[in-house]
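Keep in mind the model is a prediction, meaning the values are calculated, not measured.
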Amino acid sequence: MELRTLRYLVAIADAGTITAAANKIHISQPALSRQMQELEAELGTKLFQRKRRAISLTANGTYLVNRARQILNLTETAITDITDENIIGGNLAIGLGESHLNRTVLRAVKQLLVAYPSIQLQLYSGNADEIMERLDQGLLDFGVVIDPTDTYKYAFSKINGENLWGLLIPTNDPLASLPGISAPQISGHPLIVSERQSVVEMLQKWAGHHFSESQIVARYNLIYNAGLLAEAGLGYVVGISRLLNQEEMSLKFVPFSPKLATQMALIWTKNTPLSKAAQKFLTFFQQVNNQTS
């Protein structure tokens with residue numbers, strides 16, 4: 001499988017038809033069709049569902065197109081770094097967990113892109129497990145996760161500030177009037193919690209006891225839809241402050257008492273050379289982060 005073939009595959013996915021893709025990449029339609037047939041034969045699977053003039057991707061085709069985009073982006077960045085010492089360009093991929101502390105990272109991103117407009121930014125939103133998996137696969141340059149992180153595996157820089165944990169509660173609920181929520185006050189109430197076990201363990205350590213499976217009524221990876229569940233009255237969302245528009249959802253954030261807070265860290269893979277774009281970003285990040293201390 002050659003990079004050229006992957007470019008052809010992505011072109012077809014973007015154009016929607018082989019004819020349109022052939023015109024775009026300046027190759028004859030029969031030649032492009034033959035390339036895709038040979039690729040399917042090489043892989044031993046169908047990549048396309050052919051319907052008269054239009055085609056659609058199979059599940060395997062969609063998977064390969066997504067991987068092809070990642071491979072081509074990484075290749076472009078590597079070539080840019082190697083072939084021209086004076087150009088700062090290529091792709092910069094950053095994975096972000098949910099936190100208002102991301103503002104520090106994104107302010108640094110803005111400064112980077114203003115200084116080096118040839119850089120193409122890719123943002124990925126997910127939880128820490130997903131971000132670390134993509135870092136390990138080489139699909140991200142940096143990730144932002146809850147600190148502490150795996151310092152054996154990743155280099156890191158702590159982000160100044162903290163996340164305050166508590167409950168998102170419907171505004172008409174009696175608990176919403178409290179200045180803080182203690183562990184005994186949670187007892188018996190249905191909870192909507194993160195799917196990450198480390199977050200659940202942190203909460204249980206704070207509460208001083210385990211939560212039963214019946215009390216945890218739902219799990220989430222990103223908080224917006226969890227907030228909709230709380231608004232519908234399913235339960236209280238365990239999360240951090242300043243993530244949702246509470247007025248839009250008629251929710252109120254009530255912090256835990258005693259206080260439960262965590263920091264965030266920018267992480268990247270140890271012993272892996274950073275691209276020139278990534279090196280420049282790290283410089284901007286450190287400057288912005290120092291200004292917020």
Step through the shown structure and confirm whether more than 12 heavy atoms of other residues, nucleotides or ligands are within 6.0 Å of OH on Y124. yes
Indicate whether the side chain of S198 and that of R196 have a donor and an acceptor atom separated by less than 3.5 Å. yes
Of all heavy-atom pairs linking A176 and P170, the shortest is CB-O, 3.5 Å
Would you say that more than 12 heavy atoms from the other residues, nucleotides or ligands in this model lie under 6.0 Å from the CD of Q137, or not? yes
Heavy-atom distance under 4.5 Å between the side chains of M249 and L244, does that happen here? yes
For the residue pair F253 and I240, establish whether any side-chain heavy-atom pair is separated by less than 4.5 Å. no
If I take atom OG from residue S187 and atom NE2 from residue H209, how far apart are they, to the nearest 0.5 angstrom? 6.0 Å
Ignoring hydrogens and geometry, is there a side-chain-to-backbone donor-acceptor pair from N102 to S99 under 3.5 Å? yes
Do NZ/NE/NH1/NH2 and the carboxylate oxygens of R134 and D141 come within less than 4.0 Å? no
Would you check if I159 and T292 make a side-chain contact, meaning some heavy-atom pair closer than 4.5 Å? no
NE2 of H100: more than 12 outside heavy atoms within 6.0 angstrom? yes
Quick check on the hydrophobic clustering: are L139 and Y63 connected, directly or via other members, by side-chain heavy-atom contacts under 4.5 Å? no
Can you confirm whether the side chains of T17 and T19 place a donor and an acceptor under 3.5 Å from each other? no
Looking at NZ of K24 and CD1 of I27, how far apart are the two atoms once the value is rounded to the nearest 0.5 Å? 14.5 Å
Search all heavy atoms of V237 against all heavy atoms of A226 and return the closest pair with its distance. CG2-O, 3.3 Å
Joint cluster assignment, V199 & Y224, ILVMFWY side-chain distance < 4.5 Å: yes
Are the side chain of E98 and the backbone N or O of I223 linked by a donor-acceptor pair below 3.5 Å? yes
Which label fits F142 and W268: parallel for a plane angle under 30°, tilted from 30 to 60°, or perpendicular past 60°? perpendicular
Do T269 and N271 come within less than 4.5 Å of each other through their side chains, counting heavy atoms only? no
Are any of the side-chain heavy atoms of L135 and Y154 separated by less than 4.5 Å? yes
Salt bridge (charged side-chain N to carboxylate O under 4.0 Å, His left out) contacts in which one or both residues fall within residues 151-169, not counting sequence neighbours: D136-K153, D147-K158, E162-K259
Separation of H189 NE2 from D173 CG (nearest 0.5 Å): 7.0 Å
Between CG on residue L112 and CZ on residue F284, distance to nearest 0.5 Å: 6.0 Å
Polar side-chain atom of E40 near backbone of L47 as donor-acceptor pair, under 3.5 Å: yes
Value rounded to 0.5 Å, distance of CG in L113 from CD in Q120: 8.5 Å
Between I25 and L32, is there a side-chain heavy-atom distance shorter than 4.5 Å? yes
When you measure from the side chain of Q122 to the backbone N and O of N91, does any donor-acceptor pair fall under 3.5 Å? no
Under 4.5 Å between side-chain heavy atoms, counting indirect links through other Ile/Leu/Val/Met/Phe/Trp/Tyr residues: same cluster for L222 and I94 or not? no
Taking side chain as C-beta onward, heavy atoms only, is F256 less than 4.5 Å from L164? no
Looking only at non-hydrogen atoms, find the nearest pair between G188 and Q215 and report the distance. N-NE2, 3.6 Å
Apply side chain to side chain contact (heavy atoms under 4.5 Å, CB included) to I186 and I181, showing your working. CA-CA 7 Å; I186 292 178; I181 296 287; 3.6 Å; yes
Does Q111 use its side chain to pair, donor to acceptor, with the backbone of A108 at less than 3.5 Å? no
Hey, does the side chain of N160 reach the backbone of N289 with a donor-acceptor pair shorter than 3.5 angstrom? yes
Show the nearest heavy-atom pair for residues S157 and F285, with the distance to one decimal. OG-CE2, 3.5 Å
Decide yes or no on side chain to side chain contact (heavy atoms under 4.5 Å, CB included) for L168 and E231, but give the supporting numbers first. CA-CA 9 Å; L168 282 161; E231 182 186 43; over 6 Å; no
Before you tell me yes or no, could you show the steps for V200 and V238 under side chain to side chain contact (heavy atoms under 4.5 Å, CB included), namely the whole-Å CA-CA distance, both residues' side-chain angles and the distance that decides it to 0.1 Å? CA-CA 9 Å; V200 176; V238 176; over 6 Å; no
Do the side chain of T58 and the main chain of K46 share a donor and acceptor less than 3.5 angstrom apart? yes
Would T283 and Q279 satisfy side-chain hydrogen bond (donor to acceptor under 3.5 Å, both in side chains), going step by step from the backbone distance to the final call? CA-CA 6 Å; T283 298; Q279 293 173 34; over 6 Å; no
Can you tell me how far the CZ atom of F211 sits from the CD atom of E201, to the nearest 0.5 Å? 12.5 Å
Tell me, with the steps shown, if L9 and F48 meet side chain to side chain contact (heavy atoms under 4.5 Å, CB included). CA-CA 10 Å; L9 176 65; F48 303 99; 3.5 Å; yes
Considering all heavy atoms of both residues, which atom of I131 and which atom of G97 are nearest to each other, and what is their separation? CD1-N, 3.5 Å
Between R219 and E195, what is the shortest heavy-atom contact and its length? CB-CA, 4.0 Å
Any side-chain heavy-atom pair of M202 and W165 under 4.5 Å: yes
